Amino acid sequence: RSTLSSSSAASDVYKRQIYIGETVVSPILLGDEVVGARGMIRDITDRVNAEREIAEQKDLLDGLLQNAPFAIVINDLSNKITVTNPAFRKIFGYSPDEVVGQNLDNLLSTPEIVDEMQAISRSGMEREVYHTGKRRKKDGELVDVDIFAVPFFVNEEKYGNLTFYQDITDRLKAETELEKTQITTAEILDSLQDPYFEADILGKIIFANNALARAVGYGQKEDIIGKNFRHITDRKAVRSVFENFQKLYASHEPIEPFNYHYRRKDGQVFIAEIVASPIYEDDQVVGSRGIVRDISVRIEAEEVLRQAKEAAEYRAGELAAINRVAEKVGESLDLDEILQSVCQELATIFEVTNAGVGLLNQESDHLEVVAFYTVRQDEADARGNVISIVGDPRLEELFQHNRTVVIGHTRMDPALINFLNLGNRDGPKTTLLVPLLIRGRAIGTISLSAVDQEHRFSENEIELAETIASLIASALENAQLYAQ
């Protein structure tokens, strides 16, 4: 005889949709006898679904709260703690029963930081707040934390604030160790005798040691940090340096050492060798680091060795040339044949266009060409050409002072030009005249004519020509003795 209520599920046969209903039933009485029932069914599908969704969201939020790796605190408008999570207990040592209802600022502060905490709590009621500081644990120790506070709303009404704490002790310790390592590394690099640098991909120096600063003429490394590499690079070497570093950035590999011409603050240029490798950040090349070794001493030593090698090779060539001339002189007793062979050998040794031998007449006032060789087929034989040595300052200097002379074509007397067959348009431009000396007196000369007007006979060439001239003079003296 009482009213009953219940909920049940019903199915719409046509739409195949399931509904949730609530049924209210009361009996139908006929006298004192129940003869039937009457009731109502309310559709509560939406309400039940909403309750399920709320329950799921609550479970999700509870799961996030319980499993979050950082401490979470929900405070009401009076800044009293209403909810904490396990991470809060792990960081600060308090259980939920110990903190719920407590004022957050009084719980975690010390006299030194209470004002800071209260300011953050007030701001966190109105806006997002980020801060890094220290907070007190249950045992009284202070812990370094990152703090994030935001206003917290329930049903669109402000409830208080939500505060997050993350323990950064390990991070700060790692940063401190990294800083110590960086300081130690910088000290080690500053102790190096070789200049060291680090640069970004645009060539800006982001680190240097004092050795590099001294090498380029600055007082300390701070004077060059921030400058571009081109400020300490010789202008002629800028392109080469750029291309070498581009190879490094393209290949992501260290490059072969290359010569580097650097410019000091005072403008002096020196040569060094760079050994460089890439700097990586997150698998990306962001710059380069390397050592600059001064190789000026090595370059100078290499130059000395090169010159010594060239001198030795040239000396060997000289000896070979002298030997060849000596062989020509000793091959025959025929003076004309000897002199002609020697002229041909002279043209080969000195790479000149022609070579000749001239002898003084008995009066010692005229010079006659007695032997002549030319490499040009169109050049006439100069043998038999005669010139007076009187009035020609160059010839007078040669014969009066027994001195070798070098004559440029433009400074020759026309008679001397004709005498040496230098009159053609494409003829030689420079001539070397070496006296033939017998017992301190010049009896003739050998002539060597070069085609290129820019040619300069070196001291070594002149010395070699004078040595060969002494061999020819000896042959002439022997021939004279043989004739007597």
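Here, residue 1 is the first one in the sequence, and each next residue gets the next number. As the structure is a computational prediction, the values presented were derived from the model and not from experiment.
- The closest donor-acceptor contact from the side chain of Asn85 to the backbone of Pro69 lies at 3.5 Å or more, if one exists at all.
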**side-chain contact (heavy atoms from CB on, under 4.5 Å) assessment of Phe245 paired with Ile201** = CA-CA 8 Å; Phe245 277 100; Ile201 57 175; over 6 Å; no
**Asked** Are Ser449 and Thr353 close enough, and set up right, to give a side chain to side chain donor-acceptor pair (under 3.5 Å), and what steps lead you there?
**Response** CA-CA 6 Å; Ser449 299; Thr353 188; over 6 Å; no
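- More than 12 heavy-atom neighbours from other residues, nucleotides or ligands sit within 6.0 angstrom of CD on Glu243.
- Rounding to the nearest 0.5 angstrom, the gap separating the CG atom in Leu202 from the CD1 atom in Ile205 is 13.0 Å.
- In this structure, Glu396 and Leu398 have side chains that are not in contact, with every pair of non-hydrogen atoms separated by 4.5 Å or more.
- The line from CG of Asp194 to CD of Glu273 is 10.0 Å long, rounded to the nearest 0.5 Å.
- Between Lys134 and Ile113, the closest heavy-atom pair is O-CD1, 3.0 Å.
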**Message:** Go through it in stages, so that I can follow the logic: the residues are Asp266 and Gln268, the test is side chain to side chain donor-acceptor pair (under 3.5 Å), and I'd like the CA-CA distance, side-chain angles, deciding distance and then a yes or no.
**Reply:** CA-CA 6 Å; Asp266 59 12; Gln268 295 185 77; 2.7 Å; yes
**Request:** Assess whether side-chain contact (heavy atoms from CB on, under 4.5 Å) is satisfied between Thr84 and Ile74, documenting all intermediate values.
**Result:** CA-CA 7 Å; Thr84 63; Ile74 298 176; over 6 Å; no
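- More than 12 heavy atoms of other residues, nucleotides or ligands sit less than 6.0 Å from atom CD of Glu222.
- Arg263 places a side-chain N or O within 3.5 Å of a backbone atom of His231 that can act as its donor or acceptor partner.
- Minimum heavy-atom separation, Tyr249 to Gly287: CE2-O, 3.4 Å.
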**Request:** Using the side-chain contact (heavy atoms from CB on, under 4.5 Å) rule, take Ile72 and Phe88 through it: C-alpha gap first, then chi angles, then the decisive distance, then the call.
**Result:** CA-CA 6 Å; Ile72 299 176; Phe88 183 88; over 6 Å; no
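- Donor-acceptor pairing under 3.5 Å is recorded for the side chains of Thr132 and Asp146.
- Taken to the nearest 0.5 Å, the CD1 atom of Ile224 stands 11.5 Å off from the NZ atom of Lys265.
- Taking each heavy atom of Ser447 and Leu433 in turn, the nearest pair found is CB-CD2, 3.4 Å.
- Using a 4.5 Å heavy-atom threshold, the side chains of Leu339 and Ile472 count as touching.
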**Message:** Assess the residue pair Asp234 and Lys236 against the criterion (salt bridge (Lys or Arg N to Asp or Glu O under 4.0 Å)); give the C-alpha distance rounded to whole Å, side-chain angles, the decisive distance to 0.1 Å, and a yes or no.
**Reply:** CA-CA 5 Å; Asp234 181 36; Lys236 296 178 181 178; 5.9 Å; no
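- Atom CZ of Arg230 sits in a sparse spot, with 12 or fewer heavy atoms from other residues, nucleotides or ligands closer than 6.0 Å.
- Counting only heavy atoms from C-beta outward, the side chains of Leu395 and Glu397 never approach each other to under 4.5 Å.
- Contact check for Ser121 versus Asn79: side-chain heavy atoms found under the 4.5 Å cut-off.
- Using a 4.5 Å heavy-atom threshold, the side chains of Arg214 and Gln220 count as separate.
- Within 6.0 Å of the NZ atom in Lys173, the count of heavy atoms belonging to other residues, nucleotides or ligands does not exceed 12.
- By the 4.0 Å N-to-carboxylate-O rule, Glu256 lies too far from Lys247 to be salt-bridged with it.
- Expressed to the nearest 0.5 Å, how far OH of Tyr130 lies from CD1 of Ile147 amounts to 13.0 Å.
- When all heavy atoms are compared, the tightest approach of Ile279 to Ser288 is CD1-O, 3.4 Å.
- Salt-bridge check for Arg135 with Glu116: passed, with a basic side-chain N closer than 4.0 Å to an acidic carboxylate O.
- Although no hydrogens or angles enter the test, the distance criterion places no donor-acceptor pair under 3.5 Å between the side chain of Gln166 and the main chain of Ala71.
- For the pairing with Val357, the side-chain contact (heavy atoms from CB on, under 4.5 Å) check across Thr445, Val342, Leu436 returns one residue only, Leu436.
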**Message:** Could you walk me through whether Asn354 and Glu379 satisfy the side chain to side chain donor-acceptor pair (under 3.5 Å) test, starting with their C-alpha distance in whole Å, then the side-chain angles of each, then the deciding distance to 0.1 Å, before giving a yes or no?
**Reply:** CA-CA 9 Å; Asn354 65 45; Glu379 187 172 357; 2.7 Å; yes
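- In this structure, CD1 on Ile462 lies 10.0 Å from CG on Leu448, to the nearest 0.5 angstrom.
- For the residue pair Thr169 / Asp167, a side-chain donor-acceptor distance below 3.5 Å is found, with atom types taken as modelled.
- Checking side-chain atoms of Ser123 against main-chain N and O of Ile120 turns up no donor-acceptor pair under 3.5 Å.
- Between Phe229 and Phe242, the distance separating the two ring centers is not shorter than 6.0 angstrom.
- Shown here are the side chain to side chain contact (heavy atoms under 4.5 Å, CB included) partners of Ser95, two or more places apart in sequence or in another chain: Arg89, Asp97, Glu98.
- In this structure, the ring of Tyr165 has its center less than 6.0 angstrom from the ring center of Phe92.
- Just one of Ile271, Ile274, Val241, Asp294 meets the side-chain contact (heavy atoms from CB on, under 4.5 Å) condition when paired with Tyr262; it is Asp294.
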**Request:** Apply the test side-chain contact (heavy atoms from CB on, under 4.5 Å) to residues Phe197 and Arg289: give CA-CA distance (whole Å), side-chain angles for both, the deciding distance (0.1 Å), then the verdict.
**Result:** CA-CA 6 Å; Phe197 71 89; Arg289 59 168 57 93; 5.7 Å; no
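- Side chains of Leu437 and Arg441 form no contact here, defined as non-hydrogen atoms less than 4.5 Å apart.
- Under the side-chain contact (heavy atoms from CB on, under 4.5 Å) test applied with Leu432, the options Thr404, Val352, Ile407 reduce to a single match, Thr404.
- Heavy-atom minimum distance, Val434 versus Ala465: CG2-CB, 3.9 Å.
- The side-chain heavy atoms of Phe258 and Val275, taken from C-beta on, include no pair separated by under 4.5 Å.
- Counting only heavy atoms from C-beta outward, the side chains of Leu108 and Met117 approach each other to under 4.5 Å.
- A donor-acceptor pair shorter than 3.5 Å can be found between the side chains of Thr233 and Tyr260.
- Ala442 approaches Leu360 most closely through the heavy-atom pair O-CD1, 3.5 Å.
- Of the possible donor and acceptor atoms, one in the side chain of Tyr280 sits under 3.5 Å from a partner among the backbone N and O of His252.
- The main-chain N or O of Leu212 is found under 3.5 Å from a side-chain atom of Asn209 such that the two form a donor-acceptor pair.
- In this structure, the separation between CD1 on Ile255 and OG on Ser277 is 9.0 Å, given to the nearest 0.5 Å.
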